[in-house]
Amino acid sequence: MFSPVLLLLASLTSLALTLDSDHSNADQHKKFCTWKCLKFTLQWPGSFCVGLNNSTKCKIPTSIQNWTIHGLWPSHVQDCCECWPIFHSDLKELDPELSQFWPSLLKAQSSFNFWKDEWIKHGSCAGCVEGMNSPLRYFQICLKLRKKFDIDRALNDDAGIKPSCNQSYQYKEIKHALAPITGDDPDAQIQCITDSKGREILFQVKIPLSRNLTFGCHDGRQDAESESTQHWNTYSAHPCQLKSSIFYFPINYNNPHQPCG
Ligand SMILES: *[C@@H]1O[C@H](CO)[C@@H](O)[C@H](O)[C@H]1NC(C)=O
Ligand SMILES: *[C@@H]1O[C@H](CO)[C@@H](O)[C@H](O)[C@H]1NC(C)=O
Ligand SMILES: *[C@@H]1O[C@H](CO)[C@@H](O)[C@H](O)[C@H]1NC(C)=O
Ligand SMILES: *[C@@H]1O[C@H](CO)[C@@H](O)[C@H](O)[C@H]1NC(C)=O
Ligand SMILES: *[C@@H]1O[C@H](CO)[C@@H](O)[C@H](O)[C@H]1NC(C)=O
């Protein structure tokens with residue numbers, strides 16, 4: 001038997017709780033969910049370690065042979081929300097694929113810790129959108145995008161642009177080869193780093209997407225280059241120089257820091 005007063009009290013309390021969480025949800029929503037565009041960023045593992053300032057910090061497992069995911073980032077929001085915990089078991093079914101296509105190349109960081117960082121920094125904001133609203137769904141979407149935007153195929157198979165220490169490529173050859181992926185979109189970026197010998201090295205590709213994940217998006221704002229100024233980078237990523245020759249170094253598993261000497 002329930003007393004009507006208690007029932008009333010209980011429903012008032014839950015109403016208050018609902019209102020309160022609606023209010024903070026609204027704040028959270030405003031902060032994390034108002035983004036318009038995303039950047040899907042793919043990196044060449046053969047170049048990643050070149051940008052590090054200390055070779056001992058990097059490792060490339062021999063199973064890694066192709067372009068890998070750096071992240072899927074809602075634009076202009078950072079350090080989204082630690083309020084949405086992620087556990088390794090959330091990603092259990094994706095683990096083999098994620099380990100292949102989204103590995104950590106830092107010795108000191110497990111792949112799961114890389115995914116976790118990316119989820120906290122970016123994924124939890126992407127989670128505002130239907131279809132990405134859980135860690136599992138977010139990482140699933142990323143793997144789908146990695147298959148859709150197949151840089152290995154565009155460069156190696158379709159354009160014959162293969163990793164080499166000896167041969168460099170003109171920017172316009174690379175741009176042309178990547179046209180199926182980046183189009184002519186000014187918000188798509190082909191990024192290089194400059195190594196210690198002053199060579200321009202192909203490093204990563206940023207693909208602009210709208211909230212519904214179709215290609216292309218403009219919000220009229222410049223990207224903050226936060227990702228390239230992480231503390232372990234000595235050389236920062238920049239748009240490849242239009243006029244320069246660009247190297248696409250092979251992955252050197254024994255000496256990832258200096259793949260071509
Ligand atoms: C590189 O880093 C490792 C540990 O992080 C350190 O032991 C080593 O001395 C460093 N090497 C150089 C050349 O700085
Ligand atoms: C890696 O890229 C090569 C060249 O495009 C392709 O033949 C191969 O299937 C890719 N491997 C994986 C695991 O995607
Ligand atoms: C670079 O050229 C040298 C000969 O000059 C050759 O032995 C080597 O296999 C070439 N390496 C690559 C990655 O093309
Ligand atoms: C996706 O979003 C863009 C930008 O908001 C819009 O122009 C486009 O029609 C949408 N496409 C689909 C398939 O919903
Ligand atoms: C290398 O990175 C460490 C932090 O990871 C930093 O303290 C150090 O100054 C860097 N060294 C160089 C030469 O950039």
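Quick note: numbers below take in every heavy atom, side chains included, and nothing from hydrogens, waters or symmetry partners.
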What pair of heavy atoms forms the shortest contact from [X] to [Y], and how long is it?
| X | Y | result |
| --- | --- | --- |
| Tyr248 | Ile161 | CE2-O, 3.5 Å |
| Cys33 | Arg211 | O-NH1, 2.9 Å |
| Ile69 | Cys142 | CD1-O, 3.7 Å |
| Asp152 | Trp44 | OD1-CZ3, 4.1 Å |
| Pro250 | Cys260 | CD-SG, 3.7 Å |
| Pro85 | Pro135 | O-CG, 4.4 Å |

[X] atom [atom1], over 12 foreign heavy atoms within 6.0 Å:
| X | atom1 | answer |
| --- | --- | --- |
| Lys162 | NZ | yes |
| His88 | NE2 | yes |
| Asn212 | CG | yes |

Nearest-0.5 Å distance that lies between atom [atom1] in [X] and atom [atom2] in [Y]:
| X | Y | atom1 | atom2 | answer |
| --- | --- | --- | --- | --- |
| Arg146 | Gln100 | CZ | CD | 8.5 Å |
| Lys59 | Lys107 | NZ | NZ | 8.5 Å |
| His238 | Ile193 | NE2 | CD1 | 8.5 Å |
| Leu72 | Met132 | CG | CE | 6.0 Å |
| Asp187 | Lys39 | CG | NZ | 5.0 Å |
| His257 | Ile60 | NE2 | CD1 | 12.0 Å |

Got [X] and [Y] here, is their nearest side-chain heavy-atom distance under 4.5 Å?
| X | Y | value |
| --- | --- | --- |
| Leu136 | Glu93 | yes |
| Ile190 | Tyr171 | yes |
| Pro163 | Ile251 | no |
| Phe215 | Pro208 | yes |
| Phe40 | Ile141 | no |
| Gln140 | Leu143 | no |
| Val205 | Trp67 | yes |

I'd like to check the ring-ring contact (aromatic ring centres under 6.0 Å, His included) partners of Trp119; sequence neighbours left out, ordered by chain and number.
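Checked Trp119 against ring-ring contact (aromatic ring centres under 6.0 Å, His included); matches are Trp84, Tyr138.
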Using atom types as modelled and distance alone, determine if a side-chain donor or acceptor of Lys36 lies under 3.5 Å from a backbone N or O of His218.
yes
Mark yes or no for whether Ser47, through its side chain, and Ile201, through its backbone, hold a donor-acceptor pair below 3.5 Å.
no
When the ring planes of Phe249 and Phe247 are compared, do they come out parallel, tilted or perpendicular, using 30° and 60° as the limits?
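Rings of Phe249 and Phe247: tilted, 30 to 60°.
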Students often mix this up, so state it plainly: with edges at 30° and 60°, are the rings of Phe203 and Phe48 parallel, tilted or perpendicular?
parallel
Salt bridge (charged side-chain N to carboxylate O under 4.0 Å, His left out) between Arg153 and Asp157: does it pass, once the steps are laid out?
CA-CA 5 Å; Arg153 194 169 64 204; Asp157 305 347; 5.9 Å; no
When you look at Leu105 and Gln43, which way does the side chain to side chain contact (heavy atoms under 4.5 Å, CB included) test go after all the steps?
CA-CA 11 Å; Leu105 302 177; Gln43 68 186 7; 4.3 Å; yes
Mind running side chain to side chain donor-acceptor pair (under 3.5 Å) on Trp73 and Glu118 for me, showing each step along the way?
CA-CA 9 Å; Trp73 308 324; Glu118 288 289 317; 2.8 Å; yes
Do the side chains of Phe139 and Phe87 join up, straight or via other hydrophobic residues, at under 4.5 Å, putting them in one cluster?
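Per the 4.5 Å side-chain linkage, Phe139 and Phe87 are not co-clustered.
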Taking Asp117 first and then Lys121, would you say they form a salt bridge - that is, a charged N and a carboxylate O separated by under 4.0 Å?
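A salt bridge is absent here (no side-chain N lies under 4.0 Å from a carboxylate O).
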Within residues 174-217 or reaching into it, pairs that qualify as disulfide (SG to SG under 2.5 Å) - sequence neighbours excluded
Cys37-Cys217, Cys192-Cys240
Can you pull the disulfide (SG to SG under 2.5 Å) pairs that have at least one residue in residues 97-127, sequence neighbours excluded?
Cys80-Cys125
Can you list everything that forms a side chain to side chain contact (heavy atoms under 4.5 Å, CB included) with Gln65? Sequence neighbours excluded, please.
Tyr253
According to salt bridge (charged side-chain N to carboxylate O under 4.0 Å, His left out), who are the partners of Lys147, at least two apart in sequence or on a separate chain?
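So Lys147 forms a salt bridge (charged side-chain N to carboxylate O under 4.0 Å, His left out) with Glu97.
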According to salt bridge (charged side-chain N to carboxylate O under 4.0 Å, His left out), who are the partners of Glu82, at least two apart in sequence or on a separate chain?
none
I would like to know whether Leu38 and His122 meet side chain to side chain contact (heavy atoms under 4.5 Å, CB included); could you show each step before the answer?
CA-CA 10 Å; Leu38 297 134; His122 309 283; over 6 Å; no
Run the side chain to side chain contact (heavy atoms under 4.5 Å, CB included) check on Leu145 and Leu209 step by step: do they pass?
CA-CA 10 Å; Leu145 292 171; Leu209 303 172; 3.8 Å; yes
May I have the step-by-step check of side chain to side chain contact (heavy atoms under 4.5 Å, CB included) for Glu173 and Ile246, ending in yes or no?
CA-CA 10 Å; Glu173 292 176 77; Ile246 293 166; over 6 Å; no
